[in-house]
Amino acid sequence: MVSTVSPPQAAVNPLTAGRLPAAAPWGILAGSLLASTAVFALLQVGSGEEDFNIVGAVFFGVVGYVLLVYIVSRLIEGSRRAKDRFVTALVGLAFVVAMLPLISLVFTVVAQGSGRIDLDFFTLSLRNVLGEGGGAAHAIIGTLLMTGVATLISVPIGLLTSIYLVEYGRGRLAQAITFLVDVMTGIPSIVAGLFAFALFELILGPGTRVGLSGAAALTVLMLPVVVRSSEDILRLVPNELREASYALGVPKWLTILKVVIPTAIAGIATGVMLSIARVIGETAPLLIAAGFSNNFNFDLTEGRMQSLPVYVYYSYISQGTDFQPYIDRAWAGALTLIAIVMILNLAARLVARIFAPKLGR
Amino acid sequence: MSKRIEVNDLDVYYSKFKAVEGVNLVIEPRSVTALIGPSGCGKSTFIRTLNRMHEVIPGAWVDGEVLVDGNNLYGPGVDPVRVRRQVGMVFQRPNPFPTMSIRDNVLAGVKLNNQRISKSDADELVEKSLKGANLWNEVKDRLDRPGNGLSGGQQQRLCIARAIAVEPEVILMDEPCSALDPISTLAIEDLIEELKQDYTIVIVTHNMQQASRVSDRTAFFNIAGTGKPGKLIEVDDTATIFSNPSIKDTEDYVSGKFG
């Protein structure tokens, strides 16, 4: 039987709009990169240069992608979606541009520095070493000791200051402290080093260079960071929790100790770790205040003390006639420093996770 | 256990701004007093003066006297911490301590004050307080779980359990049900009815049905306009306020003509 009725025409839904398939942007990106690579390859052949310009190829490929995806999307999807795709592409581009130096830096340091990461490097000092061999154990110990003491001094002072500012401070004094902390944040690290050097010269006589002096310089740099980060975190603790505690007849100091700080402990730990990461790589103040040394020194109050950044600096600046071992040690020192900061950051994450308020249901 | 509260000529200020003016009020022991009135008329400000919580806000201060069994809360040398141990408070939004378990939340008044308590005493106190707040059956199997994991209504009852665990004489409730659903509200209202046997209760509410359901006496606050201080207009037995108030403003408010 022959039906004369035509199949019902699908009514056009007025709410629909053109839509690029999900794979289309990736296709455009690949095409744009290919085209750009081809152009640069032709240029290379034409000009007779030896190196292929990979940075140029990727850059113009990505810029081409941003323009192309905008035009294609505008033709098919309309102007609003086209703007969306344009801005998305720009944001992605910015992310890649920001990440490239980081990846390049970590890659270079690992590639160059891992050659000297051996047992000697972590157990020996540079005493009586000329040319190959030797290690950075004295510098690692110096860095850990000085940073550790700086942390021990600046965390209690910084935390108490931030508690004062958040919980007690009103009026002129609090304003003055906030202002001074802001000023301290802006102190150039070399000035902190000079301050510590001058301070210990006054106390212990001219030309004194000891580990404690280096720790004092780091404290000056660390303190404002600790105050600022803990202050921000303590202000995030809801007032309702403080009021709940007051309403139970708990005095203010116990409320701060047992309600406010436990609630904020994860953020405080993160802030402290960030401040350590901020100062552990300081070179100039330690060079002035603690000097440099090729020997082990476990005593903060006596004699010069080496630290990893200064070690890296000196390995590079005073190369011997056979320079390669010095360069290798400098890279390995840099890698060790990055590794220490990384480990501290992971530790902070762990602390934050352990102490974070539990929201389990 | 419960005590009588007498408020004489109380003015409350935030810095120079007078928020509440000239309150005279008597709150009888073992009764529920409801404070009603439009938003911003000073009910919450007033209730916070009854356990000196308002002075937690910087710049807030009080003129006048509040007598609890004849002792002036605002007399010279009075320790606000001691006041708050006698006059507990439950807040509008449930606020259990996020770092503590359900059990520790109930014991917060003891533990935060560094008091020693044996485990058996603590267990007993937790059970008694949670039963008092009608929450025991719902949480007895998970006392070690965080208090944040409970529903809003359960959290609010946990806060009430926490407040009665320190055995206060008076319990203040600042809109305890405004963030809760009708079922949880009913549970809290039943609870207020039971707590009345032992405690003096003052409750701020926006819900006039709630005021008429739970309270013995009702106080109506009103405000003449923005920037003017809130005033206590009328206080009487709840039945009188809702059926036959003596002041026109009160009648307009409770009958829904404004506000």
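Here is the naming used below: chain letters follow the sequence lines, and residue numbers restart at 1 for every chain.
Residues of residues 127-135 of chain B lying under 4.5 angstrom from chain A, judged on non-hydrogen atoms, do not exist. At a heavy-atom separation below 4.5 angstrom, chain A is approached by B:Arg48, B:Met53, B:Val56, B:Pro58 within residues 45-73 of chain B.
Within a 6.0 Å sphere centred on CD1 of B:Ile183, other residues, nucleotides and ligands contribute 12 heavy atoms or fewer. More than 12 non-hydrogen atoms from other residues, nucleotides or ligands lie less than 6.0 angstrom from CZ of A:Arg235. Other residues, nucleotides and ligands contribute at most 12 non-hydrogen atoms within 6.0 Å of the CZ atom of B:Arg93. Within a 6.0 Å sphere centred on CZ of A:Phe195, heavy atoms belonging to other residues, nucleotides or ligands number 12 at most.
Taken from CD1 in A:Ile261 to OG1 in B:Thr99, the straight-line distance is 12.0 Å, to the nearest 0.5 Å. To the nearest 0.5 angstrom, A:Leu248 atom CG is 12.0 Å from B:Met89 atom CE.
Across B:Val83, B:Leu112, B:Val90, B:Asp79, the residue that shares the most heavy-atom pairs under 4.5 angstrom with chain A is B:Leu112.
Counting all heavy atoms, side chain and backbone alike, B:Phe97 lies closest to A:Leu241 at CE2-O, 3.5 Å. Between A:Gly249 and B:Val81 the shortest heavy-atom distance is O-CG1, 3.2 Å.
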Give the table of side-chain donor-acceptor pairs shorter than 3.5 Å for residues 168-184 of chain A, with sequence neighbours excluded, one pair per line with atom names and distance.
residue	atom	partner	partner atom	Å
A:Thr178	OG1	A:Ala174	O	2.8
A:Asp182	OD1	A:Arg228	NH1	3.2
A:Asp182	OD1	A:Arg228	NH2	3.3

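Only the side chain of B:Phe91 has a heavy atom closer than 4.5 Å to any heavy atom of chain A. Contact of B:Pro80 with chain A is not made at all, since no heavy-atom distance falls under 4.5 Å. Of the atoms belonging to A:Thr255, not a single heavy atom falls under 4.5 Å from chain B. For B:Val87, the part lying near chain A is the backbone, with the side chain staying farther off; criterion is any non-hydrogen pair under 4.5 Å. Proximity to chain A involves both the backbone and the side chain of B:Arg162, based on heavy atoms less than 4.5 angstrom apart.
A:Lys258 places a side-chain N or O within 3.5 Å of a backbone atom of B:Lys111 that can act as its donor or acceptor partner.
Among residues two or more places apart in sequence or in another chain, the side-chain contact (heavy atoms from CB on, under 4.5 Å) test is passed with B:Ser178 by B:Gln92, B:Glu175.
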